[in-house]
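We name chains A, B, ... by the order of the sequence lines, and we start the count at 1 in each one. These numbers come from the heavy atoms of this one structure, side chains and all, not from hydrogens, waters or symmetry mates. From a predicted model like this one, the values you see are computed outputs, not experimental measurements.
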Number of protein chains: 2
Amino acid sequence: MATQKSAPVGRPRGFDADEALEKAMRVFWQNGYEGASLPDLLTAMGISRTSMYATFGNKEELFRKALARYADGPASYGAEAVVEPTAREVATVFLHGAVRSATLPGYPTGCLSLRASLIGGEDGQIIRGLLADWRDETSTMLRKRFQRAVDEGDLPAETDPALLARYVMTVGNGIAVQAAGGAPRDDLQLITDAVLQSWPPALARP
Amino acid sequence: MATQKSAPVGRPRGFDADEALEKAMRVFWQNGYEGASLPDLLTAMGISRTSMYATFGNKEELFRKALARYADGPASYGAEAVVEPTAREVATVFLHGAVRSATLPGYPTGCLSLRASLIGGEDGQIIRGLLADWRDETSTMLRKRFQRAVDEGDLPAETDPALLARYVMTVGNGIAVQAAGGAPRDDLQLITDAVLQSWPPALARP
DNA sequence: GCACTTCTGGATCGATCGGTCCGCAATTGG
DNA sequence: CCAATTGCGGACCGATCGATCCAGAAGTGC
């Protein structure tokens, strides 16, 4: 069902599917899921309705693929962060990555996941679930990494890893919102520096 | 054009306009502007299409009034914060207010402004502008208040008030996003406590 | 050149969107 | 009791949504 490179018989498609997906990702990033209409997407992708359905399935499938591309590209800083050697560096790479990703020149500002998730028709439920899952995944990665840091003595024993992960996510989300609102990268950079200056925060459950 | 109580001739309306607006506010809060369809709103408000248009004008006007009610009610913590005597207390009241407002029992989680703004086709531009203005207003209030604190020696002279305001807004926004994602109030409370523990953050422009 | 496969643009579908219109019900002042 | 005024429910409007269908163009293998 995926890419068959065995017997390319018939007329070859007249566009680059990867390139089209990139354009679609940007439109979703800019307008969210429901805010991105088919005509919007098709114009940006430079292809026709039929070609889109034949290549990507439908709008929801197109979004899934665009999200995968996003998670693997501009939003890959989560996975990159957790391999850092210390918890402080994990937080640093994560937050700096969030700032960079949310203010990439030539891309929409903010975070695709947030822009697309805070919506709410009934058909948006699937999408919301999809994005909630993705964010949970990131949150879990951070929590496990901080748990390890506690075990290794890199973080105070009383630190709650889940709470610390939520703390980092909270700041990251705030950055994304600010960036979407037009905050300049330098400002956000200074803010993350200030946050990281008081690392680790005292986060233990009572 | 407002409430005329002089000559109530004709059939009186069979519903409480204030109560209906409250219900509409909750629907917008839950689903955003475009995510809240007329049928959704009307069902929640318990009135007919005609009554809504006669009483509130149209969907956009209804949203404006719902937003005003929101800013004056559940989201009034911004105005309440800036009258506190010290910058630290301003930040404390603001962030605790953000947590409380975003996790009010019986209300949708998160922030109406964020849910409604981060979406949008072309018709959502007016709404986005409306909400951006409101957030700018809050930001400006905080900035001026922090400027005063710097002038009074309540904050270090090198502190940049605009940057500090953005810092507080960033955390507040992050809290709203987390709450919308289902984060428990207690967790968010602990996170704000940790943030406030390192007050004031070192925020000066280089 | 022919048979076959695949891609593509345009017309079209039913559903839903926000908004309007009309006829009737209900209430008040005389 | 009657005339005037206003509220209300339901039918209806054009526009737009995502999705489908079809005829024809553009390729490939024999």
Side-chain angles (χ1 to χ4, degrees), chain A residues 1-21 24 27-28 31-66 116 119-127, chain B residues 1-21 24 27-28 31-66 116 119-127:
Chain A
M1 201 44 65
T3 51
Q4 73 241 20
K5 34 190 82 166
S6 50
V9 65
R11 175 178 170 180
R13 68 166 61 109
F15 63 95
D16 187 325
D18 209 59
E19 203 172 307
L21 184 57
V27 176
F28 280 128
N31 299 98
Y33 179 72
E34 299 197 319
S37 72
L38 252 320
D40 285 349
L41 289 161
L42 298 175
T43 301
M45 297 167 83
I47 65 177
S48 76
R49 252 181 156 75
T50 317
S51 300
M52 194 283 282
Y53 278 95
T55 308
F56 299 103
N58 57 22
K59 189 183 176 183
E60 187 184 317
E61 281 300 315
L62 177 63
F63 181 78
R64 293 183 119 93
K65 294 184 171 75
I119 56 168
E122 298 171 2
D123 56 333
Q125 246 173 343
I126 304 110
I127 302 296
Chain B
M1 204 38 68
T3 52
Q4 73 244 19
K5 35 190 82 168
S6 51
V9 64
R11 174 177 172 182
R13 69 166 61 109
F15 62 95
D16 186 325
D18 209 58
E19 202 172 306
L21 185 57
V27 176
F28 280 130
N31 300 100
Y33 179 73
E34 300 197 319
S37 72
L38 253 321
D40 285 348
L41 289 162
L42 298 175
T43 301
M45 297 167 83
I47 65 178
S48 75
R49 251 181 154 77
T50 317
S51 301
M52 194 284 282
Y53 278 95
T55 309
F56 300 103
N58 57 23
K59 188 184 177 183
E60 187 184 317
E61 282 300 315
L62 177 64
F63 181 79
R64 294 182 118 95
K65 294 185 171 78
I119 54 166
E122 299 171 2
D123 56 333
Q125 248 174 342
I126 304 111
I127 302 296

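Here A/S37 reaches the OP1 or OP2 of D/dC17: one of its side-chain N or O atoms lies under 4.0 Å away. Side-chain nitrogen and oxygen atoms of B/S51 include at least one within less than 4.0 Å of the OP1 or OP2 phosphate oxygen of D/dC8. Contact annotation: A/S48 side-chain N/O to C/dT8 OP1/OP2 distance is not under 4.0 Å.
Between the CZ atom of A/F63 and the P atom of D/dA19 there is a distance of 14 Å, rounded to whole Å. The distance between atom CD of A/E34 and atom P of C/dA15, rounded to the nearest whole Å, is 19 Å. One can place CG of A/L42 at 11 Å from P of D/dA19, the figure rounded to the nearest angstrom. When the P atom of C/dG18 is taken as reference, atom CG of B/L38 falls 5 Å away, rounded to whole Å. When rounded to the nearest whole Å, the span between CD1 of B/I47 and P of D/dG7 equals 12 Å. The distance from atom CG of A/N31 to atom P of D/dT16 is 16 Å, rounded to the nearest whole Å. The distance between atom CE of A/M52 and atom P of C/dC7, rounded to the nearest whole Å, is 15 Å. The CG atom of A/L62 sits 12 Å away from the C1' atom of D/dG18 (whole-angstrom rounding).
Here the nucleotide nearest the side chain of A/Y53, chosen from D/dC8, D/dA19, C/dT20, is D/dA19. Of the listed nucleotides (D/dC8, D/dG18, C/dG19), D/dC8 has the atom at the smallest distance from the side chain of B/F15.
Mapping A/P39 and B/T55 onto DNA chain D by nearest heavy atom places B/T55 at the nucleotide closer to the 5' end.
Contact check for B/T55 versus B/M45: no side-chain heavy atoms found under the 4.5 Å cut-off. Counting heavy atoms from C-beta outward, A/M52 and A/L38 have side chains that approach closer than 4.5 Å. Using a 4.5 Å heavy-atom threshold, the side chains of A/L62 and A/L21 count as touching.
Taking the ring centre of B/Y33 as origin, the terminal cationic atom of B/K59 falls inside the region bounded by 6.0 Å and 45° from the ring axis.
Residue B/T50 is classed as a base contact, given a heavy-atom separation below 4.0 Å to a base.
You'll find a donor-acceptor pair under 3.5 Å spanning the side chain of A/R49 and the base of D/dG18, going by distance alone.
Nearest heavy-atom pair, A/G57 versus A/E61, reported as atom, atom and distance to 0.1 Å: CA-CB, 4.5 Å.
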